[in-house]
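As the structure is a computational prediction, the values presented were derived from the model and not from experiment. All chains are named by letter (A, B, ...) in the order of the sequence lines, taking the proteins before the strands, and each is independently numbered beginning at 1.
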Amino acid sequence: MTEIMTPQNRSSEISNGLIGQPIARVDGPLKVTGRATYAYEHAMNEAAYGYILGAAIAKGRIVEIDSAEAEQAPGVLHVMTYRNAPAQPEFGPAVTPTVPEVFTRARPMLNSDRVRFYDEPVALVVSETLEAARAAAGLIRVRYEEERGVFDLPDRLAEAYTPGRTNAGFETDSAIGDFDRAFAASPVKVDATYRTPYQHHNPMEPHATLAVWSGDEVTIYTSAQTLANFRAGLASTLDIPPERVRIVSPFIGGGFGSKLIVHPDTVLAALAAKVLRRPVKVALTRQQMFANAGHRAEMVQQVRLGADRDGRLTSIGHDVWSATSGFEEFCEQTAVFARSLYASPNRLTRHRLVPVDLNRGEWMRSPGEAPGMLAFECAMDELAERLGHDPIELRIRNEPADDPERGVPFSTRNLVACMREGARRFGWERRNPTPGRIREGRNLIGYGMAAAIRPNYIGAATARVAIDANGRVTAHLDMTDIGTGTYTILTQIAAENLGVPVAAVKVELGDSRFPRTAGSGGSWGAASAGSALHVACGALKEKIMEAARSDDRSPLRDADIAGASFVGGEVRLGGRSAKLADLIGSVAPDGLEATGSIAGGRNTETYSSYSQHSYGAHFAEVAVDCDTGEIRMRRTLSVIGAGRILNPKTARSQILGGMTWGIGAALMEETVLDPRYGHFVNRDLAEYHVPVNSDVPEMEVVFLEEYDGKANPLGSKGLGELGVCGAGAAIANAIYNATGVRVREFPITLDKLLPGLPATAI
Amino acid sequence: MQPFTYERAGSVRAAAAAVAAKPEAKFISGGTNLLDLMKLEIERPTHLVDISRLPLDRIEETPEGGLRIGAQVRNSDLAADLRVRSRYPVLSQALLAGASGQIRNKASTAGNLLQRTRCPYFYDRNMPCNKREPGSGCAALEGFNRMHAVLGASEACIAVHPSDLAVAMAALDAEVETSLPEGTTRTIPIVDLHRLPASTPHVETTLGHGEMITAVTLPPPPSGRQLYRKVRDRASYAFALVSVAAVVEKNGVRIRRARIAMGGVAPKPWRTLEAEYVLAGAEAADPAFSEAAESALAGAVGRGSNDFKIPLAKRTIRQTLAAAVEDA
């Protein structure tokens with residue numbers, strides 16, 4: 001169930017219009033009837049099919065590559081290797097933390113005899129059918145000169161280096177007060193080291209591209225989250241101006257951050273289509289996605305918390321060591337959230353990197369908070385127990401008045417309200433603070449909670465909106481809907497602004513020819529694209545009123561347009577009103593069009609003057625089999641304070657998905673790296689476990705009503721990734737409460753729990 | 001996937017002969033395992049003989065009071081059969097604990113028994129694997145072997161057999177009927193169908209080339225409580241870390257007879273006669289359960305990340321026995 005809590009002081013800024021209504025996805029019928037066309041499904045009769053052959057070693061060089069037999073195989077059109085691939089710019093230096101360079105840099109494929117990671121593409125076979133291409137790829141013989149790679153993290157922390165910045169441009173370290181002294185002097189301490197594993201996004205739709213050249217321009221049908229960046233990256237790789245690249249990505253079968261930059265499917269499809277002068281399709285196989293489509297890196301995190309006996313934090317330390325690719329740095333901002341979450345006079349956060357011979361890490365849902373809060377919010381639970389305090393009470397005692405490191409006020413912050421409301425609804429008082437005491441049959445029952453925090457971002461965006469003489473509204477943005485509900489909320493925003501029904505609005509997304517937005521990522525999509533559309537609708541209304549006022553045929557001629565409202569398909573002004581469609585038909589029979597833009601977050605005054613985050617509290621109940629250690633979820637509750645909720649239905653789905661990711665992170669997701677070969681061992685969905693339906697229990701989501709006027713013109717805040725933040729920690733804390741066993745190495749699988757479970761009597 | 005030819009067999013005899021005629025030919029039924037392996041080129045048959053439409057899809061009563069399950073009975077149909085559910089519940093439970101609904105709708109009884117291991121090194125052609133490429137070595141021995149065998153393995157291979165169905169069949173003393181290319185038939189006890197790896201892990205069964213499973217017969221239902229307990233990393237769609245099929249018949253406070261088979265711990269469904277011997281005539285409680293668990297795992301060897309399977313298997317046996325002797 002979902003509901004929106006209505007506090008007594010209901011914000012007057014929140015309207016009663018379409019925004020905020022639980023409208024069903026406008027693209028839902030297309031998707032469930034198979035009429036939403038995804039990248040690889042685009043019909044192109046003359047398309048040829050590419051299949052990628054990946055390297056069998058993790059580091060070294062290709063000594064010999066014999067593709068003669070493959071070239072002679074039935075249906076084969078072309079075999080591309082580093083020896084005959086079109087020239088591409090060099091890859092460039094390893095350290096590229098700056099935006100936009102990280103998105104726009106050239107990512108050449110098949111341009112060298114070097115192998116940098118296991119399963120890196122060494123050949124592309126293009127054939128008349130996928131099956132023929134795949135069969136021929138099996139006929140290519142490659143001889144390698146293998147070099148010894150390095151893959152370990154925990155044993156190589158001494159080799160760590162300090163990156164210049166973390167992802168998203170945050171300072172690598174922060175230090176306030178004197179952490180060491182204060183921690184040493186604290187009467188109550190937690191000093192705990194946690195490990196989080198490699199993880200993979202595994203969107204349902206694999207990375208796939210159809211490339212079609214027309215002269216010196218290429219159209220790319222692909223699955224991408226952020227079209228402008230994607231276009232720039234591909235243009236750099238192909239060494240052509242971005243204007244000659246068109247990206248089309250109207251439907252995306254999940255991205256989770258793995259579709260922000262170009263991957264081998266796109267580059268190789270574009271190269272092969274150019275060489276063959278015909279359209280070429282390339283998709284990554286599920287197995288290939290594990291090496292070639294990003295991952296979350298393995299991390300070691302040391303969390304040190306010092307408190308006085310009343311439970312006030314005197315010192316917060318969060319140190320993160322992460323693996324990173326040796327050829328392209330990626331430093332997840334794992335400890336950055338800790339700079340804003342709790343009050344403490346002495347603080348220290350640091351990020352360090354250890355290079356390994358893997359492909360680059362990428363942005364995986366809730367980068368930073370997902371692994372960081374998994375560790376940190378468990379450490380808070382450990383501290384609460386050591387203090388003998390309730391975990392919620394401990395957090396409330398350390399609620400800061402202002403952002404504890406930046407010193408600026410919060411735009412809105414309802415963390416305490418989320419925790420209190422959650423405790424009431426979840427029945428938190430039934431939790432026994434002494435672990436291992438609640439038993440039902442063979443099951444040990446435990447309750448856990450954790451806080452959630454996630455920065456609110458906004459990216460520069462422009463929208464174009466038009467209205468025709470029939471009153472039909474069309475909006476265009478290069479925004480994407482990666483399954484979050486973007487089509488729907490943008491439809492609501494346009495419909496409410498212009499006072500027309502949802503059915504009168506058509507939102508077109510996913511084409512780089514449309515006005516540029518920040519795309520989908522960082523939970524900024526709704527705020528950025530939505531605000532731009534909101535501004536565009538305002539501009540369109542002004543145009544409509546200007547036309548209405550100055551046209552002889554208009555019923556609103558010479559009206560003072562200041563008080564006009566667009567409601568119920570009409571324009572109302574004082575006692576006068578006109579049907580919107582009639583008005584347009586009369587004063588602008590060719591229709592009207594306007595654009596609107598919103599500036600990027602870091603350039604806005606409210607961003608520098610306020611600490612902007614969304615907040616939540618997650619609660620979990622688990623059952624642990626006392627004999628076998630099997631952990632099964634029983635129920636969860638997430639109480640969310642994330643500004644104005646644009647659509648409770650799609651918002652709820654985001655939080656449900658986030659909690660499901662929390663289940664995965666806490667209990668099952670782990671890609672195992674075999675250090676002998678440098679390959680990910682469990683590279684399919686039978687062996688890489690994500691939660692299935694049976695793992696997902698009764699889940700409840702509650703939104704606290706909130707309006708954040710500092711965040712953006714809509715009053716909303718980023719929501720999508722908030723659901724993941726802390727969700728896994730709530731589960732881990734519930735497992736501890738159930739069993740008394742604290743596992744600090746994620747995921748918490750039964751083999752890690754078993755040694756701590758008593759050999760119970762029958 | 002390498003090119004192959006395909007034919008649909010018209011009869012059991014023709015099917016067996018068609019496979020026997022070509023050294024690289026294989027039977028195909030549901031294809032839920034073989035097709036995946038062919039796409040990855042782990043299986044590279046040159047010819048497929050489709051046996052899915054042969055009239056082997058019936059479940060019949062035997063004169064002895066048991067059931068004869070056609071080799072082509074789908075897993076879903078077998079699990080749902082009223083006779084199976086009432087007389088051999090351990091079999092139905094095992095089936096429903098395996099795979100997913102979609103796979104069970106497609107997978108056949110014989111194909112389930114003959115599915116191949118899920119060892120990830122077997123699945124990656126760049127890795128050494130004696131089962132896939134005899135003589136190349138075993139990457140799992142010193143590698144990621146959390147899912148691997150603690151019983152019955154060898155230095156050449158520590159892969160486990162992934163079937164749940166086979167474990168229940170082993171506890172029920174099922175027999176496999178086969179048809180040989182020359183037209184003769186034979187009957188193989190289920191526990192003798194799969195071979196231990198020893199030095200030839202690529203030879204997985206005692207079936208000859210072209211020998212086809214036509215049915216699995218169950219003896220009359222055993223008395224006592226039947227239970228299938230599968231311990232796994234998630235609630236569904238996961239292979240067993242350990243599973244236990246138990247058939248326990250009580251006589252007052254004592255156990256008259258118990259049959260126990262384990263899955264997830266060995267290269268084949270693992271019947272534990274030693275544990276059964278311990279339990280026969282013992283009081284239906286600890287210490288007999290613990291003694292049975294200890295004897296079932298006697299000789300078990302962990303290889304690192306699968307060490308936990310030994311205590312887990314013991315705990316699971318004890319729990320399952322306790323559940324089986326509870327008053328209904």
Side-chain angles (χ1 to χ4, degrees), chain A residues 54-57 73-74 118-119 130-132 134-135 137-139 285 287 442 625-633 663-664 667-668 672-677 679-697 747 749-755 757 759-762, chain B residues 1-4 36 39-41 44 99-100 103 118-121 123-128 139-140 142-147 162 229-239 241-242 284-290 305-309 311-323 325:
Chain A
I57 61 165
Y118 184 86
D119 213 21
L130 169 68
E131 292 76 13
R134 185 171 57 192
L139 302 174
T285 65
Q287 288 85 352
R442 307 302 298 169
D625 187 297
C626 67
D627 296 314
T628 63
E630 292 158 288
I631 304 158
R632 298 291 181 255
M633 301 299 302
I663 297 171
L667 303 182
M668 51 190 87
V672 177
L673 179 65
D674 188 328
R676 300 169 302 167
Y677 305 103
H679 78 303
F680 289 118
V681 178
N682 52 331
R683 48 181 201 157
D684 62 39
L685 289 175
E687 308 298 321
Y688 181 92
H689 280 186
V690 296
V692 296
N693 283 331
S694 306
D695 295 301
V696 177
T749 46
L750 64 83
D751 44 317
K752 297 170 190 168
L753 218 45
L754 268 187
L757 294 180
T760 44
I762 298 296
Chain B
M1 188 184 284
Q2 294 299 302
F4 58 90
D36 283 353
K39 289 176 189 173
L40 297 168
E41 298 192 5
R44 301 161 68 118
S100 66
I103 293 172
R118 303 295 306 202
C119 172
Y121 298 100
Y123 265 74
D124 190 335
R125 288 179 60 217
N126 295 323
M127 295 295 137
E142 306 290 329
F144 175 63
N145 51 34
R146 184 170 174 273
M147 298 300 291
R229 175 74 166 95
K230 181 175 181 179
V231 179
R232 46 185 156 173
D233 280 322
R234 61 182 168 191
S236 179
Y237 197 53
F239 294 98
L241 297 168
V242 165
D286 253 343
F289 294 167
S290 293
S305 38
N306 68 347
D307 290 348
F308 74 98
K309 283 191 173 182
L312 178 64
K314 293 177 185 172
R315 283 166 171 262
T316 309
I317 288 173
R318 287 166 42 206
Q319 187 192 61
T320 310
L321 287 172
V325 300

Do [X] and [Y] touch side chain to side chain, with heavy atoms closer than 4.5 Å?
X: B/N145; Y: B/S305; result: yes
X: B/R318; Y: B/S290; result: yes
X: B/V231; Y: A/E630; result: yes
X: A/V681; Y: A/L673; result: no
X: B/L321; Y: B/Q319; result: no
X: B/Q2; Y: A/L139; result: yes

For [X], is it the side chain, the backbone, both, or neither that has a heavy atom closer than 4.5 Å to a heavy atom of chain B?
X: A/R632; result: side chain
X: A/D119; result: neither
X: A/D684; result: side chain
X: A/A55; result: backbone
X: A/L685; result: backbone

Inset, instruction - Look at A/E131, A/R683, A/M668, A/K752 and state which one has the largest set of heavy-atom pairs under 4.5 Å with chain B. - result: A/R683

Legend entry - Greatest number of heavy atom pairs closer than 4.5 Å to chain B - which of A/M633, A/H679, A/Q287, A/R676: A/R676

Legend entry - Side-chain donor-acceptor pair present, A/Y677, B/D124, cut-off under 3.5 Å: no

Inset, instruction - Count the heavy-atom pairs under 4.5 Å between each of B/M147, B/R125, B/E142 and chain A, then report the option with the highest count. - result: B/E142

Tell me, side chain or backbone of [X] under 4.5 Å from chain A's heavy atoms, or both, or neither?
X: B/K39; answer: both
X: B/R118; answer: both
X: B/A139; answer: both
X: B/R146; answer: side chain

Legend entry - Donor-acceptor pair, side chain of A/D751 and main chain of B/F308, under 3.5 angstrom: no

